[in-house]
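By convention here, the first residue in the shown sequence is residue 1.
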Amino acid sequence: MRVVADGGRVVGVGGPIPRAVLALLLARGGIGASLSEIISSVWGDGAATEDTAYHHVSAVRKMLRQAGADLVTRENRYYVAVERDEVDWHRFRRLVEQAGAAREAGRWQLAADRLRAALDLWHAEPLADINDRLEPLRRQMTDSRRHAVDLLAETQHRLGRYAEVVQLLSGEIGTDPLREGTAALLIDALTAVGRRDEAGEVFTRVRRRLDAHGRQPGGRLLAAHRRSLRDDAEPAPAATADRPLSGLPRADPHFTDREEALARIRAALDGSTDASFCVIYGMGGSGKTALAVRAAVQLQDSFPDGVVFLDLRGYSGRDTALTPAETLDRLLRRMRVDAAQIPVDPDELAAYFHDLIDDRRLLLVLDNAQNAAQVRPVLPRAGASAAIVTSRRRLISLEGSSVPLDVLDPPDAIRLFQVVVGGERDDADPGVLARIVEFCGRLPLAIRIAAARYRAHPGISPADLGALLAVESSRLGHLDDDERSVAACFRISLDDLPGQVRKTFLLLGATCAGAFDAHAAAAVADLPVHEVTGHLRLLADRHLVSDRLTGRYQFHDLIALFAREHASTAVPAGERAVALHRLADHLLRTADLADRIITPHRYRVPLELLDRDAAAPSLPDYDSALRWLTVEDGNLQQVCLDAAAAGLDRLCWQLAYTLRGYYFLSKRWHPWTVTHEAALAAATRLGDRRAMAMTANNLGLAYLEQHDRQRAAAHYGRARELFGEVGDAHGEHTAAANLAWLYYDERDFARFLDEMRPVYEFYRREKSERNAAITLRGIALAEAELGRAAEAVADLLVALEVFERLGLRLDAAMTLNALGEIYQRTGDLGSAVERFEQAVVAAEQSGSGYEQARAHHRLGELAAADGDPRRAREQWSLAVDGYRQLGAAQVGEVEALLDGL
């Protein structure tokens with residue numbers, strides 16, 4: 001991957017690292033990747049900083065723009081905005097999938113055409129020009145290509161095209177002689193075209209390689225060798241028993257994608273390691289059984305002594321789980337062992353079973369395991385036989401290869417819906433289908449039920465189905481077709497929980513809408529952190545919560561819905577209300593701790609908290625405090641609104657008040673507005689006029705930030721009036737200063753100064769350094785607008801000294817940008833560049849994306865004025881990225897500047 005072509009133009013990608021970043025994002029397709037995932041995949045955990053990774057991501061973005069493409073950022077994930085079929089890897093996988101469907105339908109020629117087209121996309125070793133990076137992806141690609149080669153060889157063999165099989169496979173055996181099925185195909189094809197000596201050489205070479213790995217040739221390879229030897233071949237060893245009864249269910253005709261998971265299963269059982277089994281684990285309804293069956297069908301040629309499938313009934317909801325002894329007994333009967341010979345003693349039973357399978361190439365599929373103890377006595381010893389185990393639990397103690405199964409990616413989820421519906425109703429709008437599968441949580445079971453309902457009712461449209469599923473209160477009811485039920489599937493897992501863990505699960509479902517940590521869970525459950533951590537670990541093991549984010553947990557959408565509905569009847573309303581109160585109290589305590597770090601010296605009011613021992617996360621410094629607020633952003637907003645709805649009015653307004661500093665820093669205008677509107681209503685219900693005044697004041701700033709002058713003026717005026725009624729001079733002056741900014745917005749700078757100077761003098765008398773410095777900065781901005789640049793610079797430098805001394809990072813960044821803009825206006829371009837570059841650093845340290853974008857915006861203007869379009873483009877691109885992430889109005893302005901270059 002050295003170039004990206006835009007029409008006839010070729011654009012260089014860069015060195016190995018940007019190529020690796022681009023390759024990863026292209027391979028991820030619609031999944032995209034977060035910055036941490038990029039670091040882990042490209043550099044390995046802990047081997048690169050976020051700044052380093054962001055630098056290379058930015059380089060890839062610039063290169064893509066030059067090529068007419070784009071790197072899109074959504075919800076902190078990066079996506080390359082190209083169609084899947086524009087990427088060879090995705091085209092290859094789609095063609096192989098189509099070939100598999102054609103083979104199952106007996107359309108061998110179509111399958112051969114699709115596979116040949118897929119393999120024609122390969123021109124060299126995958127990812128050969130990124131050094132040793134992305135090794136798992138490289139391995140997956142290589143395995144997928146080998147699988148496609150094997151499928152094409154089998155298909156050509158069925159069509160009687162033996163010369164083509166020879167041509168296809170001759171180079172393959174040298175790369176991996178342990179592919180016995182491939183070797184057997186090649187030997188048979190060489191025999192068919194009369195090249196028996198070469199067939200014998202292939203067998204000898206493969207046998208030597210197997211010997212080096214301590215393995216014996218399997219039955220299929222030996223049979224192919226015997227056929228190549230004619231009548232003078234040594235007789236094959238006699239079979240010790242008849243082929244077992246497989247019990248393997250019919251392969252799911254609607255199975256889609258899961259190629260990565262299938263590749264991992266094949267890799268785990270290909271004989272290249274001592275592993276004799278792999279565990280497929282995931283939440284109920286994720287398609288574990290369908291995946292295991294598909295894998296068994298693909299692998300069955302590598303296990304000539306047969307495949308045996310057994311449902312262990314671990315989560316059947318109807319029958320008791322099989323004991324290990326019952327499992328062994330049933331497997332032996334499937335292997336046609338006379339019942340009279342099966343031992344009764346469990347130890348003897350296990351010894352008899354393993355003695356029987358040790359010399360065979362047998363594949364066991366042990367479906368629906370309840371725990372590790374159920375399957376441990378059954379797992380083959382290291383050798384020729386192997387097992388695939390499925391379970392809702394991770395079965396960590398088995399220490400074998402594992403394949404976690406998540407919900408489907410959006411394109412695969414849509415494809416599954418379409419496949420189940422069939423070709424007669426495939427004209428639905430993709431956007432509507434995308435919403436339907438999201439309502440289904442992209443869970444295969446839910447998608448299948450929804451698609452089957454749609455198929456069975458020709459009178460409803462996709463939009464009608466989407467509208468039905470959009471209603472949360474009835475969604476789970478629609479995901480039930482009498483034989484299958486998403487809610488019943490989840491209930492089985494819930495019933496498997498110990499009583500106290502079940503209660504924790506239900507309380508969390510009743511209170512937590514987003515991702516949460518152990519401290520929040522401890523508050524909800526009213527338990528010590530160490531105890532609730534054990535509960536969360538068990539819930540994650542059962543896949544009732546996800547713990548993919550380090551230290552955080554989250555419900556799948558449908559499980560969250562199930563938990564809320566179940567909690568509404570299983571947990572008394574009073575308990576749910578108390579749990580919400582504890583959660584809101586915890587978030588308020590921690591938000592106040594974080595706010596005191598990121599906004600020190602802010603004027604504060606005492607908080608009214610619960611009288612209880614409450615553990616809080618460690619927030620030792622600015623970065624950790626800002627990180628906590630950013631991560632908990634959605635929860636803080638939701639719990640503030642939930643508190644208002646539950647009548648916890650004091651908690652509601654105090655939480656909104658505490659979040660004002662973070663919202664101003666992060667420019668999270670919508671959460672700022674909705675929380676403070678709810679808080680103002682809550683304070684009004686309480687009749688707390690001081691709380692009403694403070695909330696209205698902060699709400700006015702939120703509207704002024706969004707250029708809604710009318711609402712800002714109304715709230716500021718109301719705040720000033722209320723502060724006067726309660727005799728709060730500090731509040732009155734703060735509201736007066738805020739009202740003055742409306743004059744600044746009208747460009748009435750003289751009136752602005754008249755209003756601000758008395759406020760500044762008040763803060764000085766009160767020794768409120770922070771507020772005085774903020775006010776002085778505003779005065780300086782107005783002085784600059786009136787042409788008094790020297791006075792403005794002097795005042796800004798005084799304010800900057802205060803901000804830096806008090807550790808007010810955001811205010812320092814804002815002041816440095818203001819200085820840069822004054823120097824830029826007066827023609828002191830060197831000083832302007834210096835101040836803007838300092839502002840970039842200060843803004844990064846404060847976590848303000850807005851002030852960073854503001855500095856890059858101005859640096860771009862200075863570079864353009866200096867005749868340096870390359871640097872101007874670089875700075876303006878960074879500004880656009882920053883403004884766009886915030887939804888700031890300046891995006892269009894800077895994009896126009898870029899277009900002008």
Side-chain angles (χ1 to χ4, degrees), residues 595 599 601-608 640-641 643-644 648-661 663-664 669 671-768 770-779 782:
D595 185 56
T599 317
H601 309 284
R602 177 188 172 192
Y603 183 76
R604 301 177 191 279
V605 296
L607 301 179
E608 296 185 23
C640 183
L641 300 178
L648 302 173
D649 289 332
R650 197 164 303 281
L651 271 169
C652 172
W653 86 256
Q654 289 188 341
L655 187 53
Y657 166 82
T658 303
L659 293 173
R660 181 268 192 200
Y663 286 147
F664 182 75
W669 291 298
W672 186 351
T673 304
V674 296
T675 55
H676 280 67
E677 289 283 9
L680 184 56
T684 303
R685 286 192 295 269
L686 289 169
D688 188 333
R689 303 179 78 74
R690 193 155 183 263
M692 292 165 60
M694 290 187 292
T695 306
N697 207 27
N698 290 336
L699 188 55
L701 179 57
Y703 282 120
L704 187 62
E705 286 269 305
Q706 298 171 79
H707 309 290
D708 189 338
R709 296 181 64 258
Q710 184 174 358
R711 287 184 179 177
H715 285 300
Y716 282 153
R718 180 62 173 150
R720 187 174 188 177
E721 176 185 332
L722 288 166
F723 279 129
E725 291 176 6
V726 299
D728 186 337
H730 187 282
E732 275 193 276
H733 281 84
T734 301
N738 289 337
L739 280 166
W741 280 101
L742 297 172
Y743 297 122
Y744 187 97
D745 201 46
E746 294 171 356
R747 303 190 64 76
D748 189 347
F749 303 116
R751 179 76 181 274
F752 172 80
L753 288 173
D754 288 343
E755 297 290 331
M756 288 294 271
R757 291 194 187 282
V759 175
Y760 175 62
E761 294 303 326
F762 171 82
Y763 286 141
R764 289 187 66 191
R765 288 195 305 271
E766 293 292 312
K767 295 184 170 31
S768 179
R770 173 180 178 271
N771 293 75
I774 291 173
T775 307
L776 185 60
R777 182 179 60 211
I779 289 171

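- Here the shortest heavy-atom pairing between C652 and A644 reads SG-CB, 3.7 Å.
- Both tests do not hold together for R660 against Y657: distance to the six-membered ring centre under 6.0 Å, angle to the ring axis within 45°.
- Heavy atoms only, all atoms of each residue included: Y763 and H733 are closest at OH-C, 4.0 Å.
- Taking all atoms of both residues into account, the shortest heavy-atom contact from V759 to A736 is CG2-CB, 4.2 Å.
- With rounding to the nearest 0.5 angstrom, the CG atom of L701 is 3.5 Å from the CH2 atom of W672.
- Taking CZ of R685 as the reference point, atom CZ of R650 lies at 12.0 Å (rounded to 0.5 Å).
- Residues E721 and R718 share a closest heavy-atom pair of OE2-NH1, 3.0 Å.
- At least one side-chain heavy atom of R690 sits less than 4.5 Å from a side-chain heavy atom of V605.
- Using a 4.5 Å heavy-atom threshold, the side chains of D649 and D688 count as separate.
- In this pair, H730 and F762 present their aromatic rings perpendicular. The plane angle is above 60°, beyond the 30 to 60° band.
- In this structure, T734 and F723 have side chains that are not in contact, with every pair of non-hydrogen atoms separated by 4.5 Å or more.
- Here the side chains of I779 and L753 are in contact, with some heavy-atom distance below 4.5 Å.
- Counting only distance, with no hydrogens or angles, the side chain of T695 and the backbone of M692 share no donor-acceptor pair below 3.5 Å.
- Side-chain contact between L722 and D728: absent, with no pair of heavy atoms (C-beta onward) separated by less than 4.5 Å.
- Here SG of C640 is found 8.0 Å from NE2 of H676. Values are rounded to the nearest 0.5 Å.
- Here the shortest heavy-atom pairing between G717 and L739 reads N-CD2, 4.0 Å.
- The side chain to side chain donor-acceptor pair (under 3.5 Å) test applied to Y744 returns no partner, not counting sequence neighbours.
- To the nearest 0.5 Å, the span separating OG1 on T658 from CD on Q654 amounts to 7.0 Å.
- Among all heavy-atom pairs drawn from G661 and D595, the shortest one is CA-OD1, 4.0 Å.
- A 4.5 Å side-chain heavy-atom check between T675 and L655 finds every atom pair outside the cut-off.
- R757 CZ to F752 CZ: the interatomic distance, rounded to the nearest 0.5 Å, is 10.0 Å.
- With values rounded to the nearest 0.5 angstrom, N738 atom CG is found 8.0 Å from M756 atom CE.
- Residue pairs meeting the ring-ring contact (aromatic ring centres under 6.0 Å, His included) criterion with at least one partner in residues 688-718, sequence neighbours excluded, are Y703-H715.
- A salt bridge links E755 with R751: the distance from a Lys NZ or Arg NE/NH1/NH2 to an Asp or Glu carboxylate oxygen falls below 4.0 Å.
- Looking at F664 and T599, their side chains never come closer than 4.5 Å, going by heavy atoms from C-beta outward.
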